[in-house]
**Q** 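First the structure, then my questions, so here it is.
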Amino acid sequence: MDYSALPAEEQSSPWASSPQHSRSYEHPTGDIPSAPLSPPPQYGDQAHIDRSLSDDTGFAPAPQAGGDDGQGQPQQPQQQPGSPQQQPRSSSQRYHSGARPRPQTQYKLQAKVTGLERTGRKDPILRFDVYTNLPKFRTTQFRDVRRTHAEFVKFAEHLISANPEALVPAVPPPVTSAGAGTEEDEIRVKTNMQRWLNVVCSNEVLIRDEEMIFFVESDFGYSPVVRRKQPATGVRRKMIKQFAPPPDDTPELADARPVVKMFYLETMGAGQKVDKVVKTRRSLGLSESALGLAFSQMAPQEHHPGLAVAYRKLGATIRAVGDFHLAQGTFEASTLSDPLAYHSSDAFIVKETLTNRQILMRELLQAETTTRSKISAADRLRASSSVKRDKVDEAIASLEEAKRTEEQLAKKCKDVTANLKGERRRWFDRTAADLRTALREYVCRQIEAERRTLATLEAVRPDIRAIDASGGLSRLGREAHPKVRRSSLASSQGPKGDAWSGVPRRPDGVRRADPGTGGLVAPQEDEEEVPGIGRERAASGSLKGLVEEDDEDRVDARNAASRLAQTSF
């Protein structure tokens, strides 16, 4: 548009809508609003260039000679009295002056095991759901992801090789000592795999590995896309381990490797000893089953009715105890042997990860030595009288490459050391908690098994007592018939614990002897009723009570044998 063709009173600048001196920017609420968007100017105009310079640098250009204050380029608004001083804002700040800083997003990855599919002896298939807010995943939820146990092992091997700054836990075995196909085996496998997924998904380093995306999103099986190896393998790794470790300025990591190695060896040895105990207990159970069968076969040949019944019921009881011992060996292996074997393999991975850090530190020392040798070669080349251009270029290139390698190794070593400090503390806490849980479960199952065995043996006690009128085995083959006793058939397992001693237990649970007995605990005696006197004598564990007893309770070989016969069952 040609503005010269208009009358003088109608001539106005195309920037007439720009802010004037008389316009103010007072907001009703008192807040300073963000700058309004102005119409897009024609690029190349002097007004646009001047305003850009004033916005970006904070300095307004000098007005042109003969320019009108109300026309031409826009004027800066005057400072109102009492208003805060306005600071110059850049072009990027004009449109974001009212925006608040966004809080940093907490990325997380959660996985929940939903099922286990096992077909014969094939590798079991684990089904799990995944939820994540990581930006690289296709979506936030993945339902019914199926992976075999072998794929979990491949994924763990990649994580160990690709992330030397993280302690990747060992993958639990696909079957436990409870027996494949049993309900307890399925529960234990699912629990162990859920614990493994929780540890991996809670690690900030592992969830950012790209293989995690492939492991979750692969539709038809999984295989590592990027295969990485350990820093040193085979004979070279064994040779490096023979040397003394490099100087370490982190004592907690330097002292952790010997402790982890000792823990690895001790747990492996303890697991092997528990396996021997389990094997022996199972042999005991089989032998007891054979013994019980032999007693049962003796019952039809016995003419004494009481003894025949005792043989038959005693044989059934011994067979039941043998079955209990077989079951006890199974849960000993599942509650103690399996956790020890797993933590041994887990400690081996931790030991090798700490070894990888030492290898990295050794490589850093070699890189520093190489850099110093390159610097010395460059100094010799500079001091020489005849310098060739190609040799100078080669020396400079090799020196830069050595420095670059040293910087990369130094940064990597620093990151690995910083991350392994926290990983070490978490691994120690996690391992201690898991072992405490395993030991507690083992002790509770042992107590339950022993109480069940004792209750089974006590069930046959009335039949042994009823072999004859004199009390069965209480005579022990002697001619003198003891007085008729009324034996207590109450269970030895009461609310106060095992009733094997006549001394009451202390509140702290420590078994003590009464003073004056020489440290011996007197056996508990059954209440008896003496004919003709009609009194009941309670059990007493003190020496004074023994002295006041009549001749019937004197301590001699015959009376001791009689008491042992009564309290054995």
**Q** To the nearest 0.5 Å, tell me how far K154 NZ sits from R147 CZ.
**A** 11.5 Å
**Q** Side-chain donor-acceptor pairs under 3.5 Å in residues 262-272, sequence neighbours left out?
**A**
| unit_1 | atom_1 | unit_2 | atom_2 | d |
| --- | --- | --- | --- | --- |
| T267 | OG1 | F263 | O | 2.6 |
| T267 | OG1 | Y264 | O | 3.0 |

**Q** For R281 and G329, work out which heavy atoms get closest and say how close.
**A** CD-N, 3.6 Å
**Q** State whether the side chain of Y342 and the backbone N or O of A170 hold a donor-acceptor pair below 3.5 Å, judged by distance alone.
**A** yes
**Q** Output yes when a side-chain donor or acceptor of D123 lies under 3.5 Å from a complementary backbone atom of A150, and no otherwise.
**A** yes
**Q** Just one of K190, Q194, R195 clears the side-chain hydrogen bond (donor to acceptor under 3.5 Å, both in side chains) bar with N192, so which one?
**A** R195
**Q** Closer than 4.0 angstrom, basic N to acidic O: yes or no for K411 and D415?
**A** yes
**Q** Looking only at atom types and distance, does a side-chain atom of S344 sit under 3.5 Å from a main-chain N or O of L340, one as donor and one as acceptor?
**A** no
**Q** Could you pull out every donor-acceptor pair under 3.5 Å between side chains of residues 199-213 and any protein atom, sequence neighbours left out?
**A**
| unit_1 | atom_1 | unit_2 | atom_2 | d |
| --- | --- | --- | --- | --- |
| S202 | OG | N198 | O | 2.9 |
| S202 | OG | V199 | O | 3.0 |
| N203 | OD1 | V205 | N | 2.9 |
| N203 | OD1 | L206 | N | 3.4 |
| N203 | ND2 | E423 | OE2 | 2.8 |
| D209 | OD1 | H158 | NE2 | 3.3 |
| D209 | OD1 | E211 | N | 2.8 |
| D209 | OD2 | N163 | ND2 | 3.0 |
| E211 | OE1 | Y222 | OH | 2.7 |
| E211 | OE1 | V225 | N | 3.4 |
| E211 | OE2 | V225 | N | 3.0 |
| E211 | OE2 | V226 | N | 3.1 |

**Q** May I ask you to test the Q297-Y311 pair for a side-chain heavy-atom distance under 4.5 Å?
**A** no
**Q** If a pair satisfies ring-ring contact (aromatic ring centres under 6.0 Å, His included) and one of its residues is in residues 159-185, list it, with sequence neighbours excluded.
**A** none
**Q** side-chain contact (heavy atoms from CB on, under 4.5 Å) with W427: which of V350, I349, L420?
**A** V350
**Q** Is it the case that atom CD in Q141 sees more than 12 heavy atoms from other parts of the structure closer than 6.0 Å?
**A** yes
**Q** Measuring from atom OG1 of T437 to atom CZ of R440, what distance do you get when rounded to the nearest 0.5 angstrom?
**A** 8.5 Å
**Q** Ignoring hydrogens and angles, tell me if any N or O in the side chain of D463 forms a donor-acceptor pair with the backbone of V309 under 3.5 Å.
**A** no
**Q** Show the nearest heavy-atom pair for residues A111 and F128, with the distance to one decimal.
**A** CB-CD1, 4.4 Å
**Q** Apply side chain to side chain donor-acceptor pair (under 3.5 Å) to D129 and T114, showing your working.
**A** CA-CA 7 Å; D129 299 336; T114 58; 4.6 Å; no
**Q** Could you walk me through whether D248 and R357 pass the salt bridge (charged side-chain N to carboxylate O under 4.0 Å, His left out) check?
**A** CA-CA 10 Å; D248 196 347; R357 175 178 172 271; 2.7 Å; yes
**Q** How long is the straight-line distance from CG of D323 back to CD of E288, given to the nearest 0.5 Å?
**A** 9.5 Å
**Q** Between E217 (side chain) and R138 (backbone), is there a donor-acceptor pair under 3.5 Å?
**A** yes
**Q** Going through the checks in order, is the side-chain contact (heavy atoms from CB on, under 4.5 Å) test met by Q446 and Q328?
**A** CA-CA 7 Å; Q446 284 284 84; Q328 187 176 0; 2.7 Å; yes
**Q** Evaluate E450 against L454 for side-chain contact (heavy atoms from CB on, under 4.5 Å), listing each step before the verdict.
**A** CA-CA 6 Å; E450 296 297 337; L454 182 59; over 6 Å; no
**Q** What's the shortest heavy-atom distance between S218 and G221, and which atoms?
**A** CB-O, 3.1 Å
